[in-house]
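One structure is given here, and the rest of the page talks about it.
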Amino acid sequence: MKIRLVNNGVFTPVEEIEMALTAPAEGFYWIDADVEDLAVLQPLFSMHDLAVEDCLSEEEQRPKIEIYESHYFIVVNSIRFDDEEIFLRALNIFLGRHFIITVTKQKINELRTLKPLLWEQEVSQPDRFMYLLIDLIVDNYFLVGDRIEVRIEKLEEDILMHTKKSHLNEIIGLRSEILWLKKVLGPQKEVINTLNKRDLRLIDDQLQKYFSDIYENAVKISETFETYRDLMGNLREAYQSSIANRANEIMRVFTAITTVFMPLTVITGIYGMNFDNMPELHTRYGYFVVIGIMVALGVSMFCIFRKKDWV
């Protein structure tokens with residue numbers, strides 16, 4: 001657990017947690033905690049039992065906002081994409097009048113990238129801190145969306161150039177993750193809309209209007225992932241079409257080969273009959289003549305098929 005006094009974007013480490021219980025003369029306290037620290041923080045900051053229970057739960061948390069007497073409890077999801085799988089990491093925020101507590105189970109990159117932004121904008125209020133943090137989290141969805149789009153384009157190119165069975169697994173896997181992510185984006189979008197429209201005494205009225213911009217970005221993200229879902233459906237159709245075309249190409253080659261050998265089979269069948277009264281059998285050069293006819297016939301048919309682009 002790290003405790004910092006933030007004033008005009010400048011961080012001052014605080015050693016004693018008790019100092020954060022009273023409002024500072026200037027600035028606010030930011031407590032960056034792990035879930036294990038809740039046992040200490042809950043009685044000191046009067047955290048609601050249900051909020052603490054949500055933080056400790058092993059189940060995936062739905063984005064939400066809960067209004068309590070002394071603080072707000074907000075859950076948002078940070079996103080990460082490693083080219084193989086999409087990860088969502090819950091960020092639990094306790095917003096008070098003179099403090100903000102962030103509780104996470106894993107590291108959240110936005111908490112690290114937020115620090116220079118706080119210094120640049122000389123932040124001295126916890127609600128402003130929360131606004132910038134949620135704005136960073138939402139903006140990161142655009143970056144992940146761009147990487148997903150690149151992966152979809154590459155997958156489409158690979159399917160068109162050389163279709164593999166593994167492509168179907170990639171399509172199904174990525175489409176499932178996009179559907180799952182779109183399902184999560186709905187509640188998160190509603191949380192941001194609540195921060196924008198609801199009368200919240202711990203958030204400055206002027207600042208609250210800025211949440212409308214974040215909400216618009218959240219809507220754009222939701223629409224973008226809706227488009228990605230449709231693209232994955234198109235990719236699956238392209239894969240199935242490519243497989244069907246490939247099967248047709250193979251069958252066309254096999255048909256052409258069969259057609260070339262069919263008359264040759266007729267000839268060999270005729271001269272394979274065991275009859276004595278077959279003049280060709282007693283001709284000195286009959287064998288070579290028949291072989292020559294078969295070769296000429298096979299080559300001619302192959303050239304005709306080649307000219308018509310059948311093989």
Side-chain angles (χ1 to χ4, degrees), residues 1-4 6 9-11 13 28-38 41 54-65 72-95 99-123 125-151 174 177-178 180-189 191-192 195 210-211 213-222 224-225 228:
M1 177 170 55
K2 296 180 180 179
I3 310 169
R4 306 177 180 92
V6 183
V10 178
F11 291 79
F28 66 98
Y29 291 104
W30 171 29
I31 302 174
D32 188 14
D34 298 325
V35 291
E36 293 80 6
D37 301 319
L38 289 172
L41 295 173
D54 287 339
C55 294
L56 297 174
S57 176
E58 295 296 330
E59 297 180 0
E60 183 178 295
Q61 290 302 306
R62 177 187 176 94
K64 62 180 180 178
I65 177 171
Y72 300 158
F73 175 61
I74 302 161
V75 180
V76 292
N77 284 321
S78 171
I79 190 172
R80 185 169 67 87
F81 183 52
D82 63 358
D83 294 332
E84 295 294 336
E85 189 175 356
I86 299 173
F87 295 96
L88 291 180
R89 293 179 172 177
L91 173 60
N92 305 289
I93 302 173
F94 293 87
L95 177 68
F99 67 86
I100 186 167
I101 302 173
T102 55
V103 182
T104 59
K105 292 181 179 179
Q106 301 96 5
K107 291 183 178 179
I108 304 293
N109 290 334
E110 287 83 354
L111 289 175
R112 176 176 52 83
T113 57
L114 178 65
K115 295 176 183 178
L117 194 59
L118 296 174
W119 180 82
E120 179 182 338
Q121 298 195 17
E122 300 181 350
V123 174
Q125 298 297 328
D127 54 350
R128 181 77 178 178
F129 177 101
M130 186 183 70
Y131 163 76
L132 294 174
L133 178 57
I134 294 178
D135 189 36
L136 278 178
I137 288 174
V138 172
D139 285 346
N140 199 34
Y141 277 80
F142 284 110
L143 300 177
V144 172
D146 291 341
R147 295 180 63 186
I148 292 176
E149 184 176 1
V150 170
R151 182 177 173 184
L174 186 56
E177 291 187 359
I178 290 174
W180 165 70
L181 185 58
K182 189 178 181 302
K183 183 179 179 181
V184 174
L185 284 173
Q188 184 145 304
K189 185 172 60 176
V191 168
I192 299 171
L195 293 171
Y210 286 91
F211 279 100
D213 182 62
I214 301 180
Y215 177 72
E216 290 177 4
N217 288 338
V219 172
K220 290 179 183 178
I221 292 168
S222 182
T224 299
F225 279 93
Y228 292 159

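Below, all heavy atoms of this structure are taken into account, side chains as well, without hydrogens, waters or symmetry copies.
Here the closest heavy-atom approach between residue L38 and residue C55 is recorded as CD1-CB, 3.5 Å. Heavy atoms only, all atoms of each residue included: P63 and P187 are closest at O-CB, 3.8 Å. Across all their heavy atoms, I86 and E177 have their closest contact at N-OE1, 3.1 Å. Nearest heavy atoms, I192 versus F211: CG2-O, 3.8 Å. L56 approaches K105 most closely through the heavy-atom pair O-NZ, 3.9 Å.
For CH2 of W119, the number of neighbouring non-hydrogen atoms (other residues, nucleotides, ligands) closer than 6.0 Å is 12 at most. Applying the 6.0 Å contact sphere to CZ of R62 captures no more than 12 heavy atoms from other residues, nucleotides or ligands. Around atom CZ of F11, more than 12 heavy atoms belonging to other residues, nucleotides or ligands sit under 6.0 Å away. The local environment of NZ in K115 is crowded, with over 12 non-hydrogen atoms from other residues, nucleotides or ligands closer than 6.0 Å.
Residues I100 and L133 have side chains not in contact (no heavy-atom distance under 4.5 Å, counting atoms from C-beta outward). I214 is listed as a side-chain neighbour of Y131, based on a closest heavy-atom distance under 4.5 Å. Counting heavy atoms from C-beta on, the side chains of T113 and L117 never come closer than 4.5 Å. Contact annotation: the side chain of F142 approaches that of K220 to within less than 4.5 Å [non-hydrogen atoms, C-beta and beyond]. At least one side-chain heavy atom of L195 sits less than 4.5 Å from a side-chain heavy atom of I134. Residues L132 and L114 form a side-chain contact, since some pair of their non-hydrogen atoms from C-beta on lies under 4.5 Å apart. Looking only at side-chain heavy atoms (C-beta outward), F94 and I31 stay at 4.5 Å or farther from each other. Using a 4.5 Å heavy-atom threshold, the side chains of D135 and Y210 count as separate.
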Test log, rule side-chain contact (heavy atoms from CB on, under 4.5 Å), inputs I221 and K189: CA-CA 10 Å; I221 292 168; K189 185 172 60 176; over 6 Å; no

Criterion side-chain contact (heavy atoms from CB on, under 4.5 Å) on F225 and I148, from CA distance to verdict: CA-CA 9 Å; F225 279 93; I148 292 176; 3.6 Å; yes

Ring pair (Phe, Tyr, Trp, His ring centres under 6.0 Å) between F28 and F99, intermediate numbers included: CA-CA 5 Å; F28 66 98; F99 67 86; 9.8 Å; no

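Using modelled atom types, one side-chain atom of R89 and one backbone atom of K107 make a donor-acceptor pair closer than 3.5 Å. No donor-acceptor pair under 3.5 Å is formed between the side chain of S222 and the backbone N or O of A218. The backbone N or O of D34 sits less than 3.5 Å from a side-chain atom of D37, completing a donor-acceptor pair.
In this structure, CH2 in W30 is found 5.5 Å from OG1 in T102, a value given to the nearest 0.5 Å. Note: F87 CZ to L181 CG = 13.0 Å, rounded to the nearest 0.5 Å. Rounding to the nearest 0.5 Å places CD1 of I178 at 11.5 Å from NZ of K182. Note: E149 CD to T224 OG1 = 8.5 Å, rounded to the nearest 0.5 Å.
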Taking only distance into account, with no hydrogens and no angle test, what donor-acceptor pairs under 3.5 Å do side-chain atoms of residues 74-81 form with protein atoms, sequence neighbours excluded?
unit_1	atom_1	unit_2	atom_2	d
S78	OG	E110	OE1	2.9
S78	OG	E110	OE2	3.2

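F73 pairs in a side-chain contact (heavy atoms from CB on, under 4.5 Å) with only one of the listed residues (I101, D54, L95, V103), which is D54.
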